[in-house]
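Every heavy atom of this structure was used, including side-chain atoms; hydrogens, water molecules and symmetry mates were not.
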Amino acid sequence: MVDVITHHCPNCGGPLTFNPSDQKFHCDYCLSIFTVEDIEKFEAKEQVATKEDTAATANPTDTVPGEMDLFLCPSCGAQIVTDHTTAATYCYFCHNPVVLSGRLTGEFLPNKVLPFTIDREKAVADFLNWARKKRFVPKDFFNEAQIEKMTGVYFPYWVVDAETIGSLAGKGTSLRVWIVGELEYTETKVYQIFRKGKASIKHLTKNALTKNIQQKMVEGVQPFSIDQAVDFHTEYLSGFQAEKRDIEIKDLAQQIDHELDEYTKDLLQDTISGYTTFTPGNQSTQVQKQDNHYMLLPVWLVTYQDNSDKTYYYAMNGQSGKVSGVLPISYKRLGLFSGGIFAAVMVLAMIVGYFL
């Protein structure tokens, strides 16, 4: 069973959305502002009073081919079509934010969520400033209709904290050269080096979603401020889209073990200094403790399709504002610019020829 919910204003019943600017929840109808605690207290009372009515609209109505599902909007009753990993979206009829909370329960309940701190207005402004610094970008890239496609999405990640122990043995050399008269002397000392220690590795972040082609762009906006993550509440998803993971931690085990091994070895080797050369020998690492956290992390996404129907994807870190993506090139504007350079060169050549 998948619960379909919209968080409503306790005062007027309008839909609530999360505002990154003040980290609170706003009603666009009566302009009321609430904390997550306010909303949960209100909804706890409402749930007791309307338990039977809520249950009647909680189930998906149907399943359609291609792993697409149909749900009923709790605000207007319209059908909402999603794929199997969507956890929060909008109703395309009444435009109210909808959270498919049943997809974020049980084993799929996130441990933490990193809320957006950059709101849509700032995200659009910062993205345009980034794009305008590039030359030969098509003019329609900056159209209002194009920028309206920017969407805030919570993406699923596995975040790993681990404690490891490792040892490292190797050979170090120390080289000293000096000259006496016309003779050059070289002294080489060889040392057996051994290191052993414990390492604490925090916030190893791994993507937990396979389906999105935008994922490369999302990886390009890391790192995230994991320390600022808060306990998960569905209210933080209101006004944004969200995805449910489809990659399990066991599927990443080999990759994570390799990275923890490499990080531990690097930390041990960083303690070795003062030698001319160092050649590592026997090395070993072991994970003593590993904590896996399922988190939702904030990303602003926008796409652009050029005249040849090629699609470009862009991502912005919802906290730091870091942008990732390759901008399109207008070959018409590039040609005009190149033609201008050629004309300027020809004029200069004529002037030089005249004086010669």
Given side chains that start at C-beta, do those of Leu268 and Lys265 come closer than 4.5 Å, heavy atoms only?
-> no
Can you find a heavy atom in the side chain of Tyr29 that is under 4.5 Å from one in the side chain of Pro15?
-> yes
Listed partners of Asp38 passing side chain to side chain contact (heavy atoms under 4.5 Å, CB included), at least two apart = Phe34, Thr35
Glu243 and Thr85: side chain donor to acceptor below 3.5 Å = yes
Working to the nearest 0.5 Å, report the span between CD1 of Ile201 and CD of Glu259.
-> 9.5 Å
Give me the one residue out of Gln290, Lys289, Lys202, His293 that meets side-chain hydrogen bond (donor to acceptor under 3.5 Å, both in side chains) with Asp161.
-> His293
Would you please say whether a donor-acceptor pair under 3.5 Å links the side chains of Asp257 and Gln255?
-> no
Could you state the interatomic distance from OG1 (Thr276) to OH (Tyr191), rounded to the nearest 0.5 Å?
-> 9.0 Å
Looking only at non-hydrogen atoms, find the nearest pair between Asn11 and Cys30 and report the distance.
-> CB-SG, 4.1 Å
Only one of Lys250, Arg245, Lys244 forms a salt bridge (charged side-chain N to carboxylate O under 4.0 Å, His left out) with Glu248, so which one is it?
-> Arg245
Take atom CD of Glu187 as the centre, draw a 6.0 Å sphere, and report whether it contains more than 12 heavy atoms from other residues, nucleotides or ligands.
-> yes
Heavy atoms only: give me the nearest Val113-Asp231 pair and the separation to one decimal.
-> CG1-O, 4.0 Å
For Asn317 and Pro223, the nearest pair of non-hydrogen atoms, with its separation, is ND2-O, 3.1 Å
Counting only heavy atoms not in Asn282, do more than 12 fall under 6.0 Å of its CG?
-> no
Return yes if a side-chain donor-acceptor contact under 3.5 Å exists between Ser167 and Ser284, otherwise no.
-> yes
Is it true that the side chains of Lys171 and Gln192 contain a donor and an acceptor less than 3.5 Å apart?
-> no
Residue pair Tyr157, Tyr294: steps toward the ring-ring contact (aromatic ring centres under 6.0 Å, His included) verdict | CA-CA 6 Å; Tyr157 283 84; Tyr294 176 38; 9.8 Å; no
Hey, quick one: are Leu16 and Leu31 part of the same hydrophobic cluster, counting side-chain heavy atoms closer than 4.5 Å, chains of contacts allowed?
-> no
Taking every heavy atom of Ile118 against every heavy atom of Gln319, the minimum-distance pair comes out as CD1-O, 3.6 Å
Would you kindly confirm whether Ile33 and Ile39 end up in one hydrophobic cluster when ILVMFWY residues are joined by side chain heavy atoms under 4.5 Å apart?
-> no
Is there a side-chain contact between Leu297 and Thr205, using heavy atoms and a 4.5 Å cut-off?
-> yes
Can you hop from Leu168 to Ile165 via hydrophobic side chains spaced under 4.5 Å?
-> no
Are the side chains of Phe127 and Val302 in touch, meaning some heavy atoms are under 4.5 Å apart?
-> yes
Side chains of Leu260 and Leu204: does their closest heavy-atom pair fall under 4.5 Å?
-> yes
Side chains of Val99 and Thr89: closer than 4.5 Å at any heavy-atom pair?
-> no
Test item: Pro298 and Phe224 side chains (from C-beta on) under 4.5 Å apart, heavy atoms = yes
For Gln23 and Pro20, indicate whether the former's side chain and the latter's backbone hold a donor-acceptor pair under 3.5 Å.
-> yes
What's the spacing between Asp28 CG and Thr17 OG1 if we round to 0.5 Å?
-> 5.0 Å
When hydrophobic residues are tied together by side-chain contacts of less than 4.5 Å, even through go-betweens, does Phe278 share a cluster with Leu175?
-> no
Side chain to side chain contact (heavy atoms under 4.5 Å, CB included) between Phe155 and Leu301, intermediate numbers included = CA-CA 11 Å; Phe155 279 93; Leu301 289 178; 3.5 Å; yes
Minimum heavy-atom distance between Leu267 and Ala199, given as atom pair plus value | CD1-CB, 3.7 Å
Mind telling me whether Phe18 and Phe240 have parallel, tilted or perpendicular rings, with 30° and 60° as the class edges?
-> tilted
Within 6.0 angstrom of Glu121 CD, more than 12 heavy atoms from elsewhere = no
Are Trp300 and Phe116 near enough that their ring centres are under 6.0 Å apart?
-> yes
Heavy-atom neighbours of Phe108 CZ exceed 12 at 6.0 Å = yes
To the nearest 0.5 Å, how far apart are CZ in Phe232 and CG in Asn111?
-> 10.5 Å
Could you check Val177 against Glu184 for side chain to side chain contact (heavy atoms under 4.5 Å, CB included), going step by step and ending with a plain yes or no?
-> CA-CA 7 Å; Val177 179; Glu184 179 179 278; 3.8 Å; yes
State the CD-NE2 distance between Glu235 and His7, to the nearest 0.5 angstrom.
-> 4.0 Å
Drop me the distance from Asn19's CG to Arg120's CZ, to the nearest 0.5 angstrom.
-> 13.5 Å
Taking atom NZ of Lys206 as the centre, report whether more than 12 heavy atoms of other residues, nucleotides or ligands fall under 6.0 Å from it.
-> yes
Look only at the side chain of Tyr154 and the backbone of Tyr236, and say whether a donor-acceptor pair between them is shorter than 3.5 Å.
-> yes
Pair Val160-Asp291, side chain to side chain contact (heavy atoms under 4.5 Å, CB included): steps then yes or no = CA-CA 6 Å; Val160 177; Asp291 294 320; over 6 Å; no
Derivation of the side chain to side chain contact (heavy atoms under 4.5 Å, CB included) call for Cys27 and Cys12 | CA-CA 9 Å; Cys27 175; Cys12 72; 3.4 Å; yes
If only atom types and distance count, is the side chain of Arg176 paired as donor or acceptor with the main-chain N or O of Thr188 below 3.5 Å?
-> no
Is there a donor in the side chain of Thr285 and an acceptor in the side chain of Thr164, or the other way round, less than 3.5 Å apart?
-> no
Minimum side-chain heavy-atom gap Trp178-Val180 below 4.5 Å | yes
What is the minimum heavy-atom distance between Thr6 and His8, and which atoms define it?
-> O-CD2, 3.0 Å
